Amino acid sequence: SDLQTYSLGVHVTTDPSTILDSDKVDVVTRIGRLMLGSACSASEVVYTTLKVAQKLGLRYVSVDLSYSHIQVSYQPPDAVSHSVVRTISGRQFDYGRQTRVKQLADEIVAGRRDHVEAARDLEWIQTYPGPYPKTVVHIFSGMTAAAAALVFGGNFLVCLLTFISAIILDYIFAYCERHFALPIFFLQIIAGVVGEVAGIVTLLIDPNANASVVVIAVIMFMLAGMTSTGAVNDAITGWHLTGVGRISEALVNTLGLVIGVRLGILLSHQFGFDITISEQIRPIAFDGQAWEWLVGCIMFGVSLAVYAQTPKRALPWICVVTPAIYILYILASTVDIPTAWATAIGAIAAGLIGTVLSKMTTVTSDAFAVCAILPLMPGSMIYRALWAMTDHPALAINYAMAAIGTAVAIAAGLTLGQYFGAALLKRADRTYAAILPVFHKPYASLRERRERARRRRQPAQPPSSMDVPEWLTPKPRDEQ
């Protein structure tokens with residue numbers, strides 16, 4: 001029989017079926033929490049958790065999430081209802097973890113894993129450090145910044161100092177997070193200062209070197225971690241609470257980077273160093289040194305992929321996609337298409353190709369898309385705006401608006417490309433795949449989503465006069 005205990009007004013049950021359902025709800029909640037913490041979009045999190053819950057036999061489940069927490073409620077008609085709430089402290093730039101969580105969801109939906117095995121797998125996913133050791137990740141963080149310096153025309157000395165400064169910055173980040181738990185806002189300030197200090201050191205070694213490339217490379221390296229297609233996905237598809245939260249997070253982090261760079265510029269002025277933006281700062285096009293942008297783009301994509309713990313099977317494809325997207329951007333720019341639109345074209349192609357490759361390799365599409373569009377990030381525009389802020393505010397506003405336009409073009413283009421890619425793949429193969437992006441309006445349960453789809457297919461007929469409630473029927477004046 002069902003043994004029940006009442007203590008301090010709390011109903012505790014030891015019914016085996018209820019305990020079993022509780023374990024299943026906990027598995028569903030942990031999957032949603034890992035997806036939310038891996039920067040998945042809100043529609044992906046809700047849809048995947050509901051599909052997993054349905055496969056585990058939970059028919060009366062609703063999912064509610066905000067920017068920092070997820071709540072899964074189970075309300076069966078003939079048993080005790082309960083809810084599980086889990087919070088996230090921050091979003092990790094880890095495409096490997098995001099991929100593994102989605103693969104686990106696919107395994108559960110396909111019936112190859114039960115809730116007990118899934119619980120063990122979740123423990124492994126949470127503790128697995130990734131396919132690349134920490135030392136390798138630190139080295140490739142430096143290679144990401146060095147690739148940015150190479151793409152923007154830096155010489156060997158500039159690339160070397162950028163490489164060293166980025167590695168030092170990554171170690172500073174890891175130390176501060178481990179020992180001081182500093183918010184990312186202050187870490188962004190540190191990044192801006194470190195970039196300017198690296199530029200000063202470059203001028204001390206070689207006064208003729210283009211030191212501003214070092215600062216721009218550091219800025220682009222920091223912007224890479226704030227690239228989230230999930231934020232734009234949420235805002236476009238109607239999940240405004242999580243969308244606004246993620247966009248505000250990116251804005252606050254960018255503000256920290258701006259403060260750090262401005263502080264570094266003030267420091268350089270105090271010591272008599274002039275790290276002004278140079279006319280030589282430009283993305284390399286099709287000229288006599290085409291090998292530089294080719295090597296730089298490949299380094300860009302692969303280094304960021306390793307830094308984000310992307311599975312190794314995706315690296316060969318990233319080596320091909322990253323320079324291809326950059327070539328498309330340059331071709332669009334050469335036919336007098338404005339920079340923002342040329343960037344949007346490249347971002348749409350990156351999102352579309354990334355979604356197709358995610359289906360082929362079972363790696364999350366963001367791993368391909370974000371690595372491919374990294375060379376298009378508006379690092380030089382941001383630095384130009386920051387440098388001109390004091391003496392030429394009108395020019396600074398122009399540069400800032402250009403940087404904002406480029407950032408919006410990248411985010412919207414990636415989302416649009418992923419939407420087209422997911423729609424095409426789902427039309428060709430209707431089997432469920434958690435690895436693909438999901439675009440749905442807000443809903444809390446699969447029943448609500450099915451009812452909404454039924455109403456779209458069968459619009460409700462307008463009620464006749466017999467269906468009008470009596471209290472809405474006009475009464476004669478003599479009865480009032």
Side-chain angles (χ1 to χ4, degrees), residues 1-38 40-92 97-128 239 241-242 432 434 438 440 442-451:
S1 61
D2 184 8
L3 301 178
Q4 299 178 349
T5 303
Y6 295 87
S7 176
L8 297 177
V10 179
H11 177 204
V12 181
T13 180
T14 57
D15 181 16
S17 63
T18 303
I19 296 176
L20 181 65
D21 291 342
S22 177
D23 293 340
K24 293 179 180 179
V25 173
D26 184 66
V27 168
V28 172
T29 310
R30 290 169 63 187
I31 289 176
R33 176 182 177 273
L34 283 176
M35 292 186 66
L36 191 63
S38 300
C40 293
S41 66
S43 55
E44 283 183 296
V45 175
V46 173
Y47 186 70
T48 302
T49 52
L50 289 175
K51 291 290 288 187
V52 170
Q54 183 184 46
K55 186 62 182 181
L56 293 179
L58 303 175
R59 302 299 182 185
Y60 301 92
V61 173
S62 62
V63 179
D64 179 40
L65 54 84
S66 68
Y67 172 71
S68 59
H69 87 276
I70 178 172
Q71 175 179 338
V72 177
S73 301
Y74 179 52
Q75 299 175 330
D78 56 351
V80 178
S81 63
H82 58 275
S83 300
V84 178
V85 179
R86 290 185 179 269
T87 60
I88 62 170
S89 57
R91 286 167 175 78
Q92 294 182 340
R97 175 171 293 183
Q98 185 181 136
T99 298
R100 289 187 289 273
V101 174
K102 291 183 177 181
Q103 285 181 304
L104 176 59
D106 279 335
E107 292 292 309
I108 296 174
V109 173
R112 291 188 287 267
R113 311 294 285 178
D114 59 19
H115 72 282
V116 177
E117 296 170 323
R120 291 198 300 265
D121 294 339
L122 286 170
E123 290 291 340
W124 177 81
I125 291 174
Q126 287 181 304
T127 57
Y128 181 60
W239 302 81
L241 182 60
T242 54
Y432 172 77
V438 177
H440 289 295
Y443 56 90
S445 64
L446 290 178
R447 178 176 298 178
E448 176 185 343
R449 182 170 174 267
R450 287 193 297 267
E451 180 65 21

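Source: prediction; values computed, not measured.
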Below 4.5 Å, heavy atoms only, C-beta onward: do Trp124 and Arg100 meet side chain to side chain?
yes

Where do Thr49 and Gly32 come nearest, in terms of heavy atoms and distance?
CG2-CA, 3.4 Å

So, Thr48 side chain and Val45 main chain: donor-acceptor pair closer than 3.5 Å or not?
no

The test is side chain to side chain contact (heavy atoms under 4.5 Å, CB included); show your working for Ser66 and Gln71 and say whether it passes.
CA-CA 9 Å; Ser66 68; Gln71 175 179 338; over 6 Å; no

Decide side chain to side chain contact (heavy atoms under 4.5 Å, CB included) for Tyr67 and Leu36; before the verdict, give the C-alpha distance in whole Å, the side-chain angles of both, and the deciding distance to 0.1 Å.
CA-CA 9 Å; Tyr67 172 71; Leu36 191 63; over 6 Å; no

For the atom pair NE2 (His69) and CZ (Arg86), what is the distance rounded to the nearest 0.5 Å?
13.0 Å

With sequence neighbours excluded, residues passing side chain to side chain donor-acceptor pair (under 3.5 Å) with Thr87
none

Rounded to the nearest 0.5 Å, what separates atom NE2 in His115 from atom OG in Ser22?
10.0 Å

Before you tell me yes or no, could you show the steps for Asp23 and Val27 under side chain to side chain contact (heavy atoms under 4.5 Å, CB included), namely the whole-Å CA-CA distance, both residues' side-chain angles and the distance that decides it to 0.1 Å?
CA-CA 6 Å; Asp23 293 340; Val27 168; 5.8 Å; no

Measuring from atom CD1 of Ile70 to atom CD1 of Ile88, what distance do you get when rounded to the nearest 0.5 angstrom?
9.5 Å

Under the 3.5 angstrom rule, does the side chain of Glu117 hit a backbone N or O of Asp114 as a donor-acceptor pair?
yes

Does a side-chain heavy-atom distance below 4.5 Å link Lys102 with Glu107?
no

For Ser41, is there any backbone N or O sitting under 3.5 Å from a side-chain donor or acceptor partner on Glu44?
yes

Considering only heavy atoms from C-beta outward, does the side chain of Arg30 approach that of Glu123 to under 4.5 Å?
yes

Rounded to the nearest 0.5 Å, what's the gap from CD1 on Ile31 to CG on Leu104? Could you check?
5.0 Å

Counting C-beta onward and ignoring hydrogens, is there a side-chain heavy-atom pair between Val25 and Thr29 closer than 4.5 Å?
yes

Using modelled atom types and a 3.5 Å cut-off, is there a donor and acceptor pairing between side-chain atoms of Gln75 and backbone atoms of Tyr60?
no

Taking all atoms of both residues into account, what is the closest heavy-atom pair of Ser38 and Arg97, and its distance?
OG-CG, 3.9 Å

Got a second to check how far Leu122's CG is from Asp26's CG, nearest 0.5 Å?
8.5 Å

How long is the gap from NZ on Lys55 to CG on Leu50, to the nearest 0.5 Å?
15.5 Å

